[in-house]
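Comments concern the structure below.
Here is how names work: the chains are called A, B, and so on, in the same order as the sequence lines, proteins then strands, and each is numbered from 1. Bear in mind that the values here come from a model prediction, so they are computed numbers and not experimental data. What you see below is based on every heavy atom in this structure, not just the backbone, and it leaves out hydrogens, waters and symmetry mates.
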Protein chains: 2
Amino acid sequence: MISSIAELISDRIGTMPAGERRAAQTLIANYPLTGLKTVAEFSAAAGVSSPTILRFVARLGFQNYPEFQSALQDELAAQLQSPASRTLNPSSAGGAVSPMLEATLDNMRETFRHLTDRQLADIATRLAERRGKTFLIGGRFTDPLARYMAAHLAIIQPDVYHLAGQESIWRDRLIDMGKRDVLVIFDIRRYQESLVRFAEKAHHRGVQIILFTDQWLSPIARFARHVIAGRTAVPSAWDSSAALFVVAETLIAAVTRQLEAAGAKRMRDLESLR
Amino acid sequence: MISSIAELISDRIGTMPAGERRAAQTLIANYPLTGLKTVAEFSAAAGVSSPTILRFVARLGFQNYPEFQSALQDELAAQLQSPASRTLNPSSAGGAVSPMLEATLDNMRETFRHLTDRQLADIATRLAERRGKTFLIGGRFTDPLARYMAAHLAIIQPDVYHLAGQESIWRDRLIDMGKRDVLVIFDIRRYQESLVRFAEKAHHRGVQIILFTDQWLSPIARFARHVIAGRTAVPSAWDSSAALFVVAETLIAAVTRQLEAAGAKRMRDLESLR
DNA sequence: CAAAATACGTAACATTCGATACAGCGCCCC
DNA sequence: GGGGCGCTGTATCGAATGTTACGTATTTTG
């Protein structure tokens, strides 16, 4: 059962030749606006020639381009009149993807429900007031999150370091850490002993620890000044770090806002360095 | 302050002659669709002649009819991109975090709305059938996503490589790539030239490219076999990669499911190695 | 009530658009 | 390695679109 043109496209996109597939992808990515423009504009956006666009709409079963556009407009009209229909969209019926998405969305709502604006603001402030250095580290699967956060923070403020590589390498960097510094740790099940040991030592040196973990709380929580507990359960063989990822992005945004004045200047300086 | 064309119209509708007023009312009645049709159709719908329509848009300050249509399309594009703004729900309490979370949730829903089970299944199948090697690479801020995906895929199947470090390093690895291989690229604004070059060369070697990008599509889309366009707009100084992150997790789950038999054995073997 | 100004539609024009024929190219299969 | 098939872009044609000029109708104003 195919109701919308978008479905029709994604249904047949597998059987299309390369050029027409590009047209399809361009249309889907910016649906349905690209289809409302002229053939020339459409073809330019997709990086193919006009005839390819026409062959594309012909393959979808339309007699000519205007007919195709009319269909898109009718669809759009129906959408605009009943905004409610958008939320209850047909793709949510069964399928393998929806459970995953639904669970992830739930995880985020739950995660943020237990997280007050105040907490986030406190953590952001701590990250923004740069009395000392900021270190970030993650576990086996969460190291990318640490990297992601470090990549952003390092742009708006100095002295941001991501600890990577072998354990011995970052263990030695403990010597540089003191009570003015902050350590951001990502650790979810199965909790890594090496990280726990590292956190404990850092804690003893007076380092303030901000912990991203799952709802069962890594043992590191004992040493942490701030704990962010994200939901991780999804219908998959793996746990999901998506909720923690969003919290990280939220914090990055908050820190950036707080450092607006200083950060903006720094970003300009960085620009000029390129 | 006049922001939308609809406002502009209702602002000046009082000063218009009868015919043009009818045009205005017809347009407002089912805004903005009538304005996207041809002058002839517009005039027929309003019950006036074509020149009247043209005088109408001229009075609104547009040089010609196409310019008027472009403006309408831009407006529509803005609306469609942020579904949140349309629902305009003040229900969710203010605070600094909610807008960020709401936007992120919207982005995910919107991203998956343009992504069918079929497409995801196709991509997962391609990643699961290991005829050749799998390479993953990301840009400045998206490299962590590539890492995250690589960390998981490498566990359930062999020959998964994350390309990191300097450009020269991964450029040299092109020599190992052939038409049996898959290259997963993450590239969002501002698109990195080095990645585009790399993708082009890989494409010429027959490598199948799976691209994670934003809704404006990286130029790499031209070479890609599969394109995943995620929404990235959030109320922050930075773009959000959260939607792409969730797609990545979804794919990881799907691939794992497909490789269940073979993958489970491999995971057991890995366990025993520790 | 008359004259002028404005508004509106018909019709012809120029431009742009969509459609098609054709040739080059790569690809796959034998 | 050669022949055939399918895909794609260039160039061209016809059609439809937006635009403008002009004459008629309508309203406004002195």
Side-chain angles (χ1 to χ4, degrees), chain A residues 9 12-27 32-73, chain B residues 5 9 12-27 32-73 131-132 178-181 200-209 221-225:
Chain A
I9 293 171
R12 304 199 186 168
I13 197 172
T15 70
M16 290 182 186
E20 298 179 31
R21 194 178 315 131
R22 286 214 289 270
Q25 283 158 348
T26 322
L27 175 57
L33 258 146
T34 311
L36 297 178
K37 300 182 186 293
T38 66
V39 175
E41 288 174 299
F42 192 164
S43 67
V48 297
S49 69
S50 317
T52 300
I53 300 296
L54 296 175
R55 281 186 284 261
F56 163 67
V57 305
R59 190 182 297 266
L60 293 179
F62 297 98
Q63 292 300 321
N64 48 32
Y65 195 73
E67 182 180 306
F68 164 71
Q69 285 193 323
S70 297
L72 280 180
Q73 288 185 358
Chain B
I5 298 179
I9 293 172
R12 302 198 186 169
I13 197 171
T15 71
M16 290 182 186
E20 299 179 29
R21 196 176 308 142
R22 291 185 61 182
Q25 284 161 346
T26 315
L27 176 56
L33 260 147
T34 310
L36 296 178
K37 300 182 186 292
T38 66
V39 176
E41 287 174 299
F42 192 166
S43 67
V48 297
S49 69
S50 314
T52 301
I53 300 298
L54 295 176
R55 281 188 283 262
F56 163 66
V57 305
R59 190 182 298 266
L60 292 178
F62 297 98
Q63 292 300 321
N64 47 30
Y65 195 70
E67 183 179 305
F68 164 71
Q69 285 193 322
S70 296
L72 281 181
Q73 288 187 359
R131 300 184 315 178
K179 55 181 54 170
R180 310 174 73 85
D181 302 328
E200 185 171 7
K201 283 173 190 150
H203 175 67
H204 272 91
R205 294 186 64 90
V207 180
Q208 282 203 12
I209 295 180
R222 303 200 34 170
F223 315 117
R225 181 79 172 74

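- As rounded to whole Å, 17 Å separates atom P of C:dT16 from atom OH of B:Tyr65.
- Comparing C:dC17, C:dA19, C:dC8 by their nearest atom to the side chain of A:Thr38 picks out C:dC17.
- The distance from atom CZ of A:Phe56 to atom P of D:dG6 is 21 Å, rounded to the nearest whole Å.
- Picking from D:dG9, C:dT10, D:dT17 the nucleotide with the shortest atom distance to the side chain of A:Arg22 gives D:dG9.
- In this structure, the nucleotide among C:dC8, D:dT8, D:dG18 sitting nearest to the side chain of A:Arg55 is D:dT8.
- Summarising the geometry, the separation between CD on B:Glu20 and P on C:dA7 is reported as 8 Å, rounded to the nearest angstrom.
- Distance check, rounded to the nearest 0.5 Å: OG1 of A:Thr38 to CD of B:Gln69 gives 10.0 Å.
- Across B:Arg225, B:His203, B:Arg222, a single residue satisfies side chain to side chain contact (heavy atoms under 4.5 Å, CB included) together with B:Ile209, and that is B:His203.
- Residue contacts shown for A:Pro17 are limited to sugar-phosphate atoms, with no base heavy atom under 4.0 Å away.
- Considering CD1 of B:Ile13 and CG of B:Leu27, their distance stands at 9.5 Å, rounded to 0.5 Å.
- A:Gln69 places its CD atom 10 Å from the C1' atom of C:dG18, with the value rounded to the nearest Å.
- Comparing atom distances between the A:Leu54 side chain and each of C:dG18, D:dG9, C:dG9 picks out C:dG18 as nearest.
- The nucleotide whose nearest atom lies closest to any side-chain atom of B:Ser49 is, among D:dT10, C:dC17, C:dT10, C:dT10.
- Heavy-atom nearest nucleotides on DNA chain C were determined for B:Val48 and for A:Glu41, and the one closer to the 5' end corresponds to B:Val48.
- The OH atom of B:Tyr65 sits 9.5 Å away from atom OG of B:Ser50, with the distance rounded to the nearest 0.5 Å.
- Remark: P of C:dT20 and CD of A:Gln63 are 10 Å apart, rounded to the nearest angstrom.
- Remark: P of D:dT17 and CD1 of B:Ile53 are 14 Å apart, rounded to the nearest angstrom.
- Counting only distance, with no hydrogens or angles, the side chain of B:Arg12 and the backbone of B:Arg59 share a donor-acceptor pair below 3.5 Å.
- Between A:Met16 atom CE and D:dT8 atom P there is a gap of 11 Å when expressed in whole angstrom units.
- Distances from the side chain of B:Ser50 to the nucleotides D:dT19, D:dT10, C:dG9 place D:dT19 closest.
- At whole-Å resolution of the value, CD in A:Glu67 and P in D:dA16 are 15 Å apart.
- Phosphate contact (OP1/OP2 of C:dG9, side-chain N/O of B:Thr52, threshold under 4.0 Å): present.
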